[in-house]
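Take a look at the structure below.
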Amino acid sequence: GNAGRIRVRVGVLSVLVLGLLYGVVQGINATADRHLPAWRALAAFDLAALSIAIGKVLLPPLMVGPRMDVADLRQAYQPWSVFAVLTRTRNGIRDPLSPGWTPAEVAELRRAWFNACLAHPREYVAHRLEIAFALLRTHPADWPEALKFAAASYQVRDNPPIAQNTTTLHRWIIRMAQRLRDTAVFAGWPYLVAGMIAAPFAWRRRERLAARIALVLIASGVLYAVPLAVFAPSAELRYLFWPCVASLVAGALAFAHAD
């Protein structure tokens, strides 16, 4: 019937859109000078946290200075970002994103990471829950404001210089952001809660197109946010940008009176 044909058309269109997006991503990747293996930073973060939890340095020797100990890791570690522990130790940790890593060194880091997580599952889960909570919570005032927003523009490598925004409106926005940075305005949880509240209402009204779109957005946000509990290397709010936006839009659509 008509419903079946509509489903087929939607399915075909979805495949075409996904294929187009994949092609665009591959085209962008082809222009990169080199690819940064972000998992190595995540591995360093997890290994540092597990080292502190069990009282033994689990980072492979190729990554740390010869006198590295747990006390050094503990004084440098912060739950809000891997950057803290990578840059604040006295004995030094090798930059996991720097060039020059050999395949054997990469394999050794991967092996140390997997073995540590498997050997200490409770400590690993506790660490990842701490990061997830830091990502969702209202950030304390003493946490870096860069976790939530950047107050200035930055020139990256050889990109054209960026003219700084010096308008009165921009200065006012930055002042307000700085005042609100330790409030729920710059936390992920209020926006995600809005989507959770909207979900049952959208489900009850799922015969409406707007409600079905709301359900798709909520599902998309959940599928995006949940893996962050395992893969986020920091508590930067930008990681939750899409789930927060999807939840707000879904909330509006769930209660829309017309399609």
Side-chain angles (χ1 to χ4, degrees), residues 32-137 139-152 154-159 181 227-239:
D33 295 333
R34 63 186 179 94
H35 297 279
L36 295 176
W39 72 264
R40 298 202 306 237
L42 178 64
F45 197 21
D46 291 347
L47 285 169
L50 291 175
S51 298
I52 295 168
I54 71 166
K56 177 183 177 182
V57 176
L58 298 175
L59 289 150
L62 64 92
M63 282 202 72
V64 296
R67 296 184 179 180
M68 179 62 71
D69 56 18
V70 173
D72 195 4
L73 291 173
R74 183 178 290 111
Q75 63 83 27
Y77 178 86
Q78 293 290 341
W80 39 259
S81 178
V82 63
F83 182 76
V85 77
L86 289 179
T87 59
R88 296 183 178 185
T89 62
R90 293 183 290 269
N91 292 283
I93 295 180
R94 183 179 180 183
D95 184 356
L97 300 181
S98 64
W101 283 70
T102 67
E105 290 172 335
V106 171
E108 184 177 349
L109 174 59
R110 184 187 296 111
R111 184 166 53 251
W113 182 31
F114 287 173
N115 289 344
C117 294
L118 292 174
H120 309 285
R122 285 187 299 181
E123 290 82 1
Y124 172 74
V125 170
H127 159 62
R128 295 315 310 178
L129 288 176
E130 180 184 39
I131 303 306
F133 179 66
L135 187 62
L136 294 170
R137 66 178 290 192
H139 292 177
D142 59 345
W143 284 19
E145 67 180 25
L147 294 174
K148 297 167 280 292
F149 62 89
Y154 297 93
Q155 182 179 354
V156 179
R157 296 178 58 188
D158 57 350
N159 287 346
R181 66 192 180 100
L228 293 175
V230 176
F231 298 117
S234 72
E236 295 178 55
L237 187 60
R238 64 189 176 95
Y239 292 135

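Here the structure is a predicted model, which means the values were calculated and not measured.
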- Item | Partners meeting salt bridge (charged side-chain N to carboxylate O under 4.0 Å, His left out) with Glu236 (sequence neighbours left out) | Arg238
- Message: I want to check something: taking the side chain as every heavy atom from C-beta on, are Trp80 and Pro144 in contact at a cut-off of under 4.5 Å?
- Response: yes
- Measure across Arg40 and Pro96 and return the closest heavy-atom pair with its distance rounded to 0.1 Å. NE-O, 2.6 Å
- Message: Can you tell me how far apart CG (Leu47) and CG (Leu42) are? Round to the nearest 0.5 Å.
- Response: 9.5 Å
- Query: Is the CZ atom of Phe83 crowded by more than 12 outside heavy atoms at less than 6.0 Å?
  - Reply: no
- So, the side chain of Ser51 versus the backbone of Leu58: is there a donor-acceptor pair under 3.5 Å, distance only? yes
- Message: Distance check, rounded to the nearest 0.5 Å: Arg122 atom CZ versus Ile54 atom CD1?
- Response: 12.5 Å
- Item | Distance-minimising heavy-atom pair for Ala134 and His139 | O-NE2, 2.9 Å
- Query: Do you know the tightest heavy-atom contact between His120 and Leu50?
  - Reply: O-CD2, 4.2 Å
- Message: For a 4.5 angstrom cut-off between non-hydrogen side-chain atoms, does Leu147 reach Arg181?
- Response: no
- Message: Quick one: does any side-chain atom of Arg128 pair with a main-chain N or O of Ala232 as donor and acceptor, under 3.5 Å?
- Response: yes
- Side-chain contact, heavy-atom cut-off 4.5 Å: Trp143 with Ser81? no
- Tell me, do Leu135 and Ile131 make a side-chain contact under 4.5 Å, heavy atoms counted? no
- Query: Within the distance-only criterion (no hydrogens, no angle test), does the side chain of Asn91 pair as donor or acceptor with the backbone N or O of Asp72 below 3.5 angstrom?
  - Reply: no
- Note on the structure: Interatomic distance, CE@Met63 vs CD@Glu105, rounded to 0.5 Å, equals 10.0 Å
- Which pair of heavy atoms, one from Gly55 and one from Val70, lies closest together, and at what distance? C-CG2, 3.5 Å
- Note on the structure: The reported gap from SG in Cys117 to NE2 in His127 (rounded to nearest 0.5 angstrom) is 8.0 Å
- Atom CD1 of Ile52 and atom OH of Tyr77: how far apart are they, to the nearest 0.5 Å? 6.5 Å
- Message: Quick check: do Arg88 and Val85 have side-chain heavy atoms less than 4.5 Å from each other?
- Response: no
- Message: Using side chain to side chain contact (heavy atoms under 4.5 Å, CB included), reason through Leu73 and Leu59 one step at a time and then give a plain yes or no.
- Response: CA-CA 10 Å; Leu73 291 173; Leu59 289 150; 4.0 Å; yes
- Flag the pair Tyr239 / Ser234 as yes when at least one side-chain heavy-atom distance between them is below 4.5 Å, and no otherwise. yes
- Query: Side-chain contact, heavy-atom cut-off 4.5 Å: Pro60 with Trp113?
  - Reply: no
- Item | Flag side-chain contact, heavy atom, 4.5 Å: Met68 against Ile93 | yes
